[in-house]
Amino acid sequence: MARDTAYDRIRDELGVAQAAPPAQALPHLRAVVDQVTELIDEALAAAVLSGDESLRSAGAAAGLTENAVGPRLARTPALAPYANAAGRVTADGVRRAMYDAERGAVPPPSDQGSSSAPMRFKARRRSST
C-alpha cells in the first residue's frame, strides 16, 4: 500500500467515524487500526533495513516488545521472504535482506507470503439457552 494512500484512507475513515453514531463508527475505526498497524509494520521494516535501528530499538520506539517485532516484520513485503519457518524475521534475516539489497539480489521465494493478515477475534454463534 502506498504510504500517502494509506494516510488518505485513514483520514477518510476517521472522518466517517467521527460523523457516525458509535455503533456505525466501529467498522471504520477498525479499518483505521488495521491501516495504522500496516504502516507501523512497514516503518519497522524500513527502520531495521536502513541499519539505523535494531529489532529491539525499533520495537521499543513503536511500543512493542522485542518478541512482537519478528512476526510483524514477516508480514511486510520487504522482509516476508526472510521469515523463518516459525513465521518470524530474526536479526539474521534482516542482515541477509540488507546483504541482498546491497548486491541487488532478488530475495528468496517466500513460503510465508506477505498477505498473511493478523489473527482476528471471531465471535461464536449464540446458543439458544
Side-chain angles (χ1 to χ4, degrees):
M1 165 185 344
R3 189 169 177 226
D4 291 339
T5 304
Y7 285 105
D8 291 339
R9 287 182 185 162
I10 290 168
R11 278 189 281 278
D12 292 346
E13 292 286 353
L14 284 173
V16 172
Q18 186 176 17
Q24 293 172 357
L26 291 173
H28 299 285
L29 293 172
R30 179 75 248 170
V32 168
V33 169
D34 291 343
Q35 291 170 8
V36 169
T37 297
E38 190 172 329
L39 284 172
I40 289 171
D41 294 351
E42 290 174 7
L44 283 169
V48 298
L49 284 172
S50 70
D52 293 338
E53 299 284 336
S54 67
L55 294 175
R56 174 184 271 170
S57 63
L64 302 169
T65 65
E66 185 177 2
N67 288 336
V69 175
R72 292 179 74 135
L73 292 176
R75 293 193 309 242
T76 65
L79 289 171
Y82 300 94
N84 62 20
R88 306 175 61 82
V89 174
T90 63
D92 287 339
V94 172
R95 281 192 291 277
R96 181 59 197 218
M98 291 168 69
Y99 175 76
D100 286 350
E102 242 178 54
R103 290 184 37 232
V106 177
S110 171
D111 52 348
Q112 300 297 322
S114 62
S115 64
S116 62
M119 294 189 334
R120 294 279 176 247
F121 173 76
K122 218 178 214 182
R124 294 185 194 184
R125 291 181 287 152
R126 289 191 174 190
S127 62
S128 55
T129 49

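FYI, the numbering just counts along the sequence from 1.
Scanning both residues, Ala17 and Ala25, for their nearest heavy atoms gives O-CB, 3.5 Å. Of all the heavy atoms in Ala6 and Gln35, the pair that sits closest is O-OE1, 3.9 Å. Taking both residues in full, the closest heavy atoms of Ala58 and Leu44 are given as O-CD2, 3.4 Å, listed atom of the first, atom of the second, then distance. Summarising the geometry of Ala45 relative to Leu79, their closest heavy-atom pair is CB-CD1, 3.8 Å, with the distance given to 0.1 Å.
Taking Ser57 as the reference, Glu53, Ser54 meet the side chain to side chain donor-acceptor pair (under 3.5 Å) condition, with sequence neighbours excluded. Under the rule for a salt bridge (Lys or Arg N to Asp or Glu O under 4.0 Å), the partners of Asp100 that lie at least two apart in sequence or sit in another chain are Arg96, Arg103.
Transitive grouping of hydrophobic side chains (ILVMFWY, heavy atoms separated by less than 4.5 Å) brings Leu29 and Val36 into a common cluster.
Between the CD atom in Glu42 and the CZ atom in Arg75 there is a gap of 11.0 Å [rounded to 0.5 Å]. Atom-to-atom distance recorded for Thr76:OG1 and Tyr82:OH is 11.0 Å, nearest 0.5 angstrom. Note: Leu73 CG to Arg88 CZ = 9.5 Å, rounded to the nearest 0.5 Å. One distance of note links CE of Met98 with CG of Leu49; it measures 7.0 Å at 0.5 Å rounding.
Salt bridge present: Asp8 and Arg11 bring a charged side-chain N and a carboxylate O closer than 4.0 Å.
Within the 4.5 Å cutoff, side-chain heavy atoms of Thr37 are placed close to those of Arg72. Side-chain contact check for Tyr7 versus Leu39: some heavy-atom pair is nearer than 4.5 Å.
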For residues 61-71, dump all side-chain donor-acceptor pairs below 3.5 Å to protein atoms at least two apart in sequence or in another chain.
{"from": "Thr65", "atom 1": "OG1", "to": "Ala68", "atom 2": "N", "distance (Å)": "3.4"}
{"from": "Glu66", "atom 1": "OE1", "to": "Arg56", "atom 2": "NE", "distance (Å)": "3.4"}
{"from": "Glu66", "atom 1": "OE1", "to": "Arg56", "atom 2": "NH2", "distance (Å)": "3.4"}

Next on the checklist: Would Val89 and Asn84 count as a side-chain contact (heavy atoms from CB on, under 4.5 Å) here? Give the steps.
Outcome noted: CA-CA 6 Å; Val89 174; Asn84 62 20; over 6 Å; no
